[in-house]
Amino acid sequence: MSAASTRRAPTWQEIWTTFAPSPTSAYVARTLLAMAIALYGAMWLQLSSPASAAVTVMIVANPSRGGIVSKGVWRIFGTITGAVAAVVIMALFPQQPLLFIVAFGFWLGLCTFASSMFRHFRAYAAVLSGYTVALIAAGALSSPDHVLGFALSRLAVVTLGVVVSTVVTMIFQPSVTTDGMRSRGRAALRGVAKLLLSRAAGTPMNDADFIAERTRLAGEIERLDEAVEFSGVEATDVNRHAASIRRGLAAMYAALLSVSVAGRSLNRLSEATPSPLPSRPEAGEDADRLTPPPGSVADRVIAVLEEVSQYDARDDRGPMVMAERIAAMAREITGLHGTVRSVEDETTLARIHQELDQLYEAIAPFAAWRAGRRPYHTGRRLTAFKDYGTAVRNGARGMIAVVLGGLFAYATAWPSGPTLLIVLASACALLSGAPSAAAASIQFAKGITLSTVLAFIWEFVFLPRLSGFPLLFLSMLPVLAIGIVGSTKPRYALLSLGFVIFFITQLSIADSMGYNVVSFFNSAVAFILGAWVTVLVFQVILPPNPMRDARKLTARIRRATERLIRSGGGHRGRRDWLGWLVTHNQAMQRLFMRLQVDPALRSQTIGDCGALLIVAQEALRLQSFLRGLDLPEAERAEAQNALRHLGNLRRPRRAAASAARASEGLIALYGRNEAPRPGLLRAAGSFRTIAALMPQAERFLSLEAPFGAGA
């Protein structure tokens, strides 16, 4: 029998895998199909501004089902609130354009402020509420009595775009949002374990590859919060576990920030030498016999971490098995705390134990969710970080820009003045949340300018020679496809978004097409002027200042850490360390985004943030531990004094010195005691850790303001 005759025929699944389009190609195809259906539907229903239906599809487009549904719902909500505001403002000032401009500017500023206080698509809904007023008022300024009709028409065309986009996605895209969240969560956990192993193997913390991978993982863990949001829209079980999973992501983020310190401790454990403190007669040789060799402990920890670094469970049992292995290793480390005889060994074990605990707290919520159990992490309701200073600046900038633009349009009586106002309002509101708004405004302006050039070519060269909707859309297809593909590339996302949206808008698509070169150029000037005035706005009117924002964010983080330490980590006696981390990780993430202007400083700050988190954790652990430790009056007073100094991080050197004194006092007490008291070493190790990490924490805190010699 020949080899050819024994060859197995491929299955349908194998054929589909071979010829199936890539995720990007499928996303582009779905978006184009939805745009075609929405545009045709709007023209068939004879809605005013049918191009807005296609624009809506582009704006709500998202690779995931949950993202489409979430953004679509919030877009409709934002359109409703914006339409109501437009009707109210127009009713209050029907023949008073100056007062209308001021009222609109105030409303846009208020919405932009609100968008800076929200996260994900709730922020977009607030922005949309602001500039929807301009979209409706542009048609109603000459006929205020018809404002309600314009508002309802706007709501209808937006709703059509959202519904079509959602239906197309539901039909042609499988429900993979939760699968994507699981796979990305596993990948992030593997990445943290690999970094920890790399550091344990001796990789220096200033290694370029180490820094790049840590920075990438920080961004990926931050984006996982958005994946949880989208998955919760699709699946009720994810929504029930969402708060627990977010606490798990906070633990993973803390593990990433402290990976350098923990990896160094694991490296030290691997190379450990006999303890410098003499063994006690009471423990004697039995303690030496019962204590595993340091190298063997390190080998087992490394073995567990290697399992985590290769973790890629495909079934519901996998996360639980991995969580149990991490927990078993953490329990083994806990059992060693009573056997060590030096504060150095105690400190080393504490750091490794803490890192294992954080990895366990990161994977346990996923394990509980997949096993159908109740949420693993519980606590108070999670609160989002509120950056009031940035929100006020964004709102004030948007209000000032719109009022000035409106006054210009009023003074010149320019027919395209409302178009200028639309571009200015939408761009100022949309770009205010970008990490680097000034740079983002340039990309957005480039996209609008390019769209104007191509829109002119299409409207006056191609479209007059075509008839019927199929040829109309087919002629636009290559341009739209290129723009949608560009929107999937982070480097070109804003340029492509501005290009696609304003290309469709400027074609003036209607049931009966009209071709007026003078009118087109008049509007084109308004689009381009609005785009580049937006760049000027972000450069001149309350321009973003990343380092100033970094100072303010550092001050917020410092004050929050001080309050946490002074309160003992709880609200009215209830501790929720991970809940606190969820909120203030957002502050740290904003800080890291602001520091993108200085990559070296950003990388250093990520590591220094980890040092501050460890200091806070050790302070909380000490507060609980010292309550059950019977200490002489002098040592207790010294320990309490050191904790009190940690409640004022404006003086980090004094806090470090006080922690060092407390550590030395407890070590001396340990040496004087006849009976072994391992608890003394644990407390001494915590104080020594604080003293050792305070210089790094001080470097982080100096972003707020450099400390003097007496700090």
Side-chain angles (χ1 to χ4, degrees), residues 70 113-127 181 184-185 188 192 214-232 242-258 358 361-362 365 377 379-394 432-437 544 546 548-564 569 571 576-596 602 605-606 608-610 612-613 616-617 700-701 703-704:
S70 180
F113 170 85
S115 74
S116 300
M117 306 298 287
F118 297 141
R119 305 191 75 210
H120 307 314
F121 294 146
R122 295 174 183 83
Y124 170 70
V127 165
M181 183 190 72
R184 290 170 63 184
V192 174
R214 186 178 61 181
T215 302
R216 186 194 68 79
L217 283 172
E220 178 60 21
I221 295 172
E222 177 187 357
R223 288 187 292 272
L224 271 168
D225 183 77
E226 186 179 67
V228 174
E229 176 91 0
F230 296 163
S231 298
S244 177
I245 293 173
R246 284 192 169 98
R247 284 179 167 86
L249 293 177
M252 192 186 302
Y253 202 76
L256 175 68
L257 295 182
S258 56
Q358 289 175 155
E361 289 172 338
H377 291 302
R380 297 169 57 210
R381 182 179 178 181
L382 298 177
T383 57
F385 176 76
K386 303 292 192 298
D387 191 354
Y388 295 100
T390 300
V392 169
R393 185 179 69 244
N394 289 340
S432 61
S436 178
R548 178 189 60 200
D549 291 346
R551 287 195 295 272
K552 291 181 179 179
L553 287 167
T554 304
R556 291 280 300 277
I557 294 170
R558 173 185 58 79
R559 289 194 294 268
T561 306
E562 290 172 342
R563 287 194 298 269
L564 178 77
H571 176 70
D576 187 8
W577 160 252
L578 290 178
W580 182 89
L581 265 185
V582 169
T583 302
H584 290 87
N585 276 353
Q586 296 170 18
M588 295 174 195
Q589 290 157 5
R590 287 183 181 234
L591 173 62
F592 300 154
M593 284 194 297
R594 298 297 184 270
L595 293 178
Q596 285 178 348
R602 182 185 186 220
T605 303
I606 291 176
D608 294 344
C609 247
L612 182 64
L613 284 181
Q617 283 180 290
F700 167 76
L701 296 169
L703 289 173
E704 176 185 355

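These figures come from a predicted structure and were not determined experimentally.
- A salt bridge links Glu229 to Arg246: one of the charged nitrogens lies within less than 4.0 Å of a carboxylate oxygen.
- Using a 4.5 Å cut-off on side-chain heavy atoms (C-beta onward), Asn585 and Phe385 make no contact.
- Taking CE from Met181 and CG from Leu249, the interatomic distance works out to 8.5 Å, rounded to the nearest 0.5 Å.
- Under the 3.5 Å distance criterion, the side-chain polar atoms of Asn394 are matched with a main-chain donor or acceptor of Ser432.
- Taking a cutoff of 4.0 Å between a charged side-chain nitrogen and a carboxylate oxygen, Arg223 and Glu226 do not qualify as a salt bridge.
- Without hydrogens or angle criteria, His377 side chain to Glu361 main chain gives a donor-acceptor distance under 3.5 Å.
- The distance from the CG atom of Leu595 to the OG1 atom of Thr554 is 7.5 Å, given to the nearest 0.5 Å.
- No side-chain heavy atom of Leu553 sits under 4.5 Å from any side-chain heavy atom of Phe592.
- Atom CD of Gln617 sits about 5.0 Å away from atom CD of Gln358, to the nearest 0.5 Å.
- In this structure, Ser115 contributes its side chain and Ala126 its backbone to no donor-acceptor pair below 3.5 Å.
- Of the charged side-chain nitrogens involved, at least one lies within less than 4.0 Å of a carboxylate oxygen, so that Asp576 and Arg247 count as a salt-bridged pair.
- Using a 4.0 Å cut-off between charged side-chain N and carboxylate O, Arg594 and Asp549 make a salt bridge.
- Side-chain contact check for Arg556 versus Arg590: every heavy-atom pair is 4.5 Å or farther apart.
- Between Lys552 and Arg548, some side-chain heavy-atom pair lies under the 4.5 Å cut-off.
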